[in-house]
Amino acid sequence: MPKITLPDGNNLEFSKAVSGLEVAEKISKSLAKQAMVISVDDELKDLNFLIEKDCRLKIFTAKNEEGLDTIRHDTAHILAMAVQELFPGTQVTIGPVIDNGFYYDFARKDPFTEEDLKKIENKMREIVDRDETTKREVWDRDKAINHFRKKGEIYKAELIESIPKGEEVSIYFHGDWHDLCRGPHLTSTGKIGKFFKLTKVSGAYWRGDSKNEMLQRIYGTSWATQKDLDEHLKRLEEAEKRDHRKLGKEMNLFHFREESPGAVFWHEKGWILFQKLIDYMRMKQNIAGYKEINTPEVLDRTLWEKSGHWEKFGANMYTSTTPDEKVFAIKPMNCPGCIEVFNQGLKSYKDLPLKMSEFGKVHRYEPSGALHGLLRVRAFTQDDAHIFCTEDQITEECLVVTNLILEIYKDLGFENVILKYSDRPELRVGDDRVWDKAESALLKAVKATKLEYSINKGEGAFYGPKIEFVLRDAIGRDWQCGTLQVDFNLPGRLGATYVDKDGTKKVPVMLHRALFGSLERFIGILIENYAGKFPFWISPIQTVVIPISEDFEDYSNKVSKKIKEAGMSSIVDLKNHNLNYKIREHSLAKIPILVICGKKEVDTNSVTIRRLDSSKQENMKLDLFLKTFSALNKVSSN
RNA sequence: GCCCUUGUAGCUCAGCUGGUAGAGCAAUUGAUUUGUAAUCAAUAGGUCCGCGGUUCGAAUCCGUGCGGGGGCACCA
């Protein structure tokens, strides 16, 4: 006699056990048709799940996340089915749902090719057309293990072995094909629809461990409607257009080359951008009371041994042996150098908090496969700073840093920021009592920011816990940028002290923080966020002055000079091309303002401007133009 | 680092199953002096990523190294 409570609070009573589908039918025909999956007391179940006792029931369609995820999960299964039909002997492993789709990992000797993907996709559609009914069975553990072992599915057998004893081992059938799976699944293969696409093949380690063998992963995307699928593919295309590597080349900002993988060759325009960001950050940090310093790039091995980097970070460090047989390391971090500056001269508690900033270029040997344009490099410049303070000051200082970061991100067009808090990693220095202190002080600050945060267990730096600032860009992607770390370890290891009120020497706590994180990376993110169309104030070339014909070159030169005198950048295009050509060329180069000078302008001492992405012509007196755009050239105007 | 894939002119790319390279744009020169997204013509431009091998002959096939891309692992 199950009594079923629906989300709207209404109850339905049945005289005998009913399936989720039957309940849906009772509610409405259309719901029954659209239903994908149900939850019974918040636990997801198949539509055919037999409800025997009182419960809370929700019915999900493709419009719900639960329904869509089930479609994706089923698509992954059908992918596995198709692969095993086409390539007998291929072993199946796992096939979970991910953002926007799913993947499935296979064990097979020969690699899958792009053509194979097409074949598999066609086979998948065939299986959808076959509309095979789904059947769920619960098997005995040992029976299941033996069954899959005998089939040659050693990975599956291993998976079942790792299911905790006492948990159900459920096997799902689509026709004869069957697979170990927790479920839930749709009632038949026809229910999935055909709004899926296999997107890429790649390698992936079994159980995500690089010590294990590599499997072949096929990625796919799957949706409830053709429209959703098309929109998703369009979004991917859109993201590709913004790729900073592509735009960096097109806009002549930077390049990479074989001689130094993962290190940027900045061209003039990119370097202007880089310098503008540094100028801006320097201005903000001056106001916030930071003192800028600079420390050597190459430092003796003994310093890195003392700091702990040699042991804990050595695998990522570049080293150099000099002709006199000394070993130096190229700095992978700025902190030891900064502490050495702190150590010069006596410091008093009255000096704390002491904030020392450094635009330090660091080198880290990253695995070759990790490199990715400006976003993951081996040599980069941090907008680094170290704040020496007392324990009591930690939380307050963390809050001050957070506010500064939010202000800066906002100026650069990012309003949406979340935090990631990471606590002690396995590989670390310092004892656990110290870590307890550091973690609780930082977590307190995290909570005080009132921002949304997540916790990453075990992902802190080797010397202290950290928070990372993640910003969301114009097309909804998340990027990790700034970082803030509490460090009770390094100052002590490198002998930093201050004289406290009572006249004794104490070891300060150090906060490490970088707001952009890496200038290189941040510029990559900026390029993608703005699709190369930077706000006026950071645009590397702000104006191009175009004379209508040779007769107006003098006037154009004069206008360009005035623009530069007003603090903006400007070039004059004197090439032998017509106006249309130049408009097109500079628009494609994403110049924010084109300044056109012809007879009319000379006669009235004015300019006609054309803003990027607008075909409107705006004529204005030269003075007004200079005034208007000088104002726009200030950060606060954005 | 691992799996797959890829490397031709400054850029984007073509070059079928082996017969030492082509286009468009850009560049240079000349003509044209242009009013809001490509004026016309001519010229020049390549160690086909490096190194080995197979072959009478290699951009093309094989091996290897390096780089790029997509993932995995890594992101301290």
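Atom set for the values below is all heavy atoms of this structure, side chains included, hydrogens, waters and symmetry mates excluded. In this text, all values refer to a predicted model and were calculated from it rather than measured experimentally. Below, chains carry the letters A, B, ... as their sequence lines are ordered, and counting in each starts from 1.
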Exercise. Give the C-alpha distance, both sets of side-chain angles, the deciding distance and a yes or no for side chain to side chain contact (heavy atoms under 4.5 Å, CB included) between A/H586 and A/I546.
Key: CA-CA 10 Å; A/H586 299 301; A/I546 305 173; 4.0 Å; yes

Exercise. Heavy atoms only: give me the nearest A/V545-A/C597 pair and the separation to one decimal.
Key: CG1-SG, 3.9 Å

Quiz prompt | Whole-angstrom distance between B/C74 and B/C62, as gauged at atom P | solution = 34 Å

Quiz item: Looking at residues at least two apart in the chain, or sitting in another chain, which of them share a side-chain hydrogen bond (donor to acceptor under 3.5 Å, both in side chains) with A/R477?
Solution: A/D473, A/E528

Quiz item: Which part of the nucleic acid does A/A370 contact within heavy-atom distance under 4.0 Å: base, sugar-phosphate only, or nothing?
Solution: base

Self-check item: Any residue meeting side-chain hydrogen bond (donor to acceptor under 3.5 Å, both in side chains) with A/E305, in chain and number order, not counting sequence neighbours
Solution: A/R301

Exercise. Using whole Å, report how far CZ of A/F552 lies from C1' of B/U34.
Key: 10 Å

Quiz item: Is A/Q485 touching bases, backbone alone, or none of the nucleic acid, heavy atoms closer than 4.0 Å?
Solution: nothing

Quiz item: B/U33 and B/U39: how far apart are their C1' atoms, nearest whole angstrom?
Solution: 11 Å

Self-check item: Non-neighbouring partners of A/E153 that pass salt bridge (Lys or Arg N to Asp or Glu O under 4.0 Å), sequence neighbours left out
Solution: none

Quiz item: With sequence neighbours left out, which residue pairs that include part of residues 455-465 of chain A fulfil the side chain to side chain donor-acceptor pair (under 3.5 Å) condition?
Solution: A/D423-A/K457, A/N456-A/E459, A/Y463-A/Q485

Self-check item: hbond_proxy A/R521 side chain to B/C75 base (donor-acceptor, 3.5 Å cutoff)
Solution: no

Considering only distance and modelled atom types, tabulate donor-acceptor pairs under 3.5 Å from the side chains of residues 368-377 of chain A, sequence neighbours left out.
from, atom 1, to, atom 2, distance (Å)
A/R376, NH2, A/E366, OE1, 2.9

Quiz prompt | Separation of atom NZ in A/K600 from atom C1' in B/U34, rounded to whole Å | solution = 15 Å

Quiz item: Going through the checks in order, is the salt bridge (charged side-chain N to carboxylate O under 4.0 Å, His left out) test met by A/E240 and A/K246?
Solution: CA-CA 9 Å; A/E240 217 170 290; A/K246 182 169 161 271; over 6 Å; no

Quiz prompt | Short side-chain N/O contact from A/K312 to OP1 or OP2 of B/A76, under 4.0 Å | solution = no

Exercise. Could you check how far CG of A/L375 sits from C1' of B/G69, rounded to whole Å?
Key: 14 Å

Quiz item: For residues 208-218 of chain A, which residues have at least one heavy atom under 4.0 Å from RNA chain B?
Solution: A/G208, A/S210, A/M214, A/R217

Quiz item: Given B/U36, is OP1 or OP2 found less than 4.0 Å from the side-chain N or O atoms of A/N580?
Solution: no

Practice problem: Could you tell me the separation between the CZ atom of A/F265 and the C1' atom of B/G10, rounded to a whole number of Å? | Solution: 17 Å

Self-check item: Watson-Crick or G-U wobble partner of B/U28, both distances under 3.5 Å
Solution: B/A42

Quiz item: Between A/H372 (NE2) and B/A73 (P), how many Å, whole number?
Solution: 16 Å

Quiz prompt | Donor-acceptor under 3.5 Å (A/R513 side chain, A/I387 main chain) | solution = no

Exercise. Kindly determine whether A/R207 and A/D209 satisfy salt bridge (charged side-chain N to carboxylate O under 4.0 Å, His left out), including the steps that lead there.
Key: CA-CA 5 Å; A/R207 304 214 146 169; A/D209 189 333; over 6 Å; no

Practice problem: Starting from C1' on B/G35, measure out to CD on A/E550 and report it in whole angstrom. | Solution: 16 Å

Exercise. Pick the P atom in B/U17 and in B/C61, then give their distance to the nearest Å.
Key: 8 Å

Self-check item: Whole-Å P distance, B/A38 and B/G15
Solution: 30 Å

Quiz item: Checking only heavy atoms, does the side chain of A/R610 share a donor-acceptor pair with the base of B/A37 at less than 3.5 Å?
Solution: yes

Quiz item: Distance-only, no hydrogens or angles: does the A/R242 side chain make a donor-acceptor pair with backbone N or O of A/I527 under 3.5 Å?
Solution: no

Quiz prompt | Residues which pass salt bridge (Lys or Arg N to Asp or Glu O under 4.0 Å) with A/K582, listed by chain and number, not counting sequence neighbours | solution = A/D573

Practice problem: Measure the distance from CD on A/E258 to C1' on B/C66 and round it to the nearest whole Å. | Solution: 5 Å

Exercise. Choose from B/U39, B/G35, B/A27 the nucleotide whose nearest atom is closest to any side-chain atom of A/K575.
Key: B/A27

Practice problem: Report which part of the nucleic acid A/Q480 touches: base, sugar-phosphate, or nothing (heavy-atom distance under 4.0 Å, all strands). | Solution: nothing

Quiz item: At under 4.0 Å between heavy atoms, what does A/T608 touch on the DNA or RNA strands: base, sugar-phosphate, or nothing?
Solution: base

Quiz item: Would you say the side chain of A/Y205 and the base of B/G1 hold a donor-acceptor pair, judged only by whether the two atoms sit under 3.5 Å apart?
Solution: yes

Quiz prompt | Side chain of A/N578 (C-beta onward), nearest among B/U39, B/G70, B/A76 | solution = B/U39

Exercise. Would you mind classifying the nucleic acid contact of A/H309 as base, sugar-phosphate or nothing, using non-hydrogen atoms under 4.0 angstrom?
Key: nothing

Exercise. Report yes or no: is there a donor-acceptor pair, N or O only, under 3.5 Å between the side chain of A/R364 and the base of B/A76?
Key: yes

Quiz item: When you match A/E468 and A/P367 each to their closest nucleotide on RNA chain B, which lands nearer the 5' end?
Solution: A/P367

Self-check item: Nearest-Å distance once atom C1' is located in both B/C2 and B/U12
Solution: 32 Å

Quiz item: For A/D432, which residues count as a side-chain hydrogen bond (donor to acceptor under 3.5 Å, both in side chains) partner, sequence neighbours excluded?
Solution: A/R428

Exercise. Strictly below 4.0 Å, heavy-atom distances to any atom of RNA chain B: list the hits from residues 581-594 of chain A, or just say none.
Key: A/Y581, A/I583, A/R584, A/S587, A/L588

Quiz item: For residues 93-112 of chain A, which residues have at least one heavy atom under 4.0 Å from RNA chain B?
Solution: A/P111

Exercise. Could you identify which residues of residues 241-257 of chain A place a heavy atom less than 4.0 Å from some atom of RNA chain B, listed by residue number, or say none?
Key: A/R245, A/K249

Quiz item: For B/C74, does OP1 or OP2 lie under 4.0 Å from any side-chain N or O of A/Y365?
Solution: no

Quiz item: Given the P atoms of B/U8 and B/G68, what is the spacing between them in whole Å?
Solution: 14 Å

Self-check item: Side-chain donor-acceptor pair present, A/S560, A/N557, cut-off under 3.5 Å
Solution: no

Quiz item: Watson-Crick or G-U wobble partner for B/U60, using a 3.5 Å limit on both distances?
Solution: none

Practice problem: For A/I596 and for A/S368, locate the closest nucleotide of RNA chain B by heavy-atom distance; then report the residue assigned to the nucleotide nearer the 5' terminus. | Solution: A/S368

Quiz item: If you take atom types as modelled and just measure distance, does the side chain of A/E601 reach the base of B/G35 with a donor-acceptor pair under 3.5 Å?
Solution: yes

Practice problem: Apply ring-ring contact (aromatic ring centres under 6.0 Å, His included) to A/F254 and list each qualifying residue two or more places apart in sequence or on a separate chain. | Solution: A/F256, A/W266

Quiz item: Taking OH from A/Y463 and C1' from B/A76, how many angstroms apart are they, rounded to a whole number?
Solution: 8 Å

Quiz prompt | salt bridge (charged side-chain N to carboxylate O under 4.0 Å, His left out) between A/D116 and A/K119, intermediate numbers included | solution = CA-CA 5 Å; A/D116 289 340; A/K119 267 191 244 161; 3.7 Å; yes

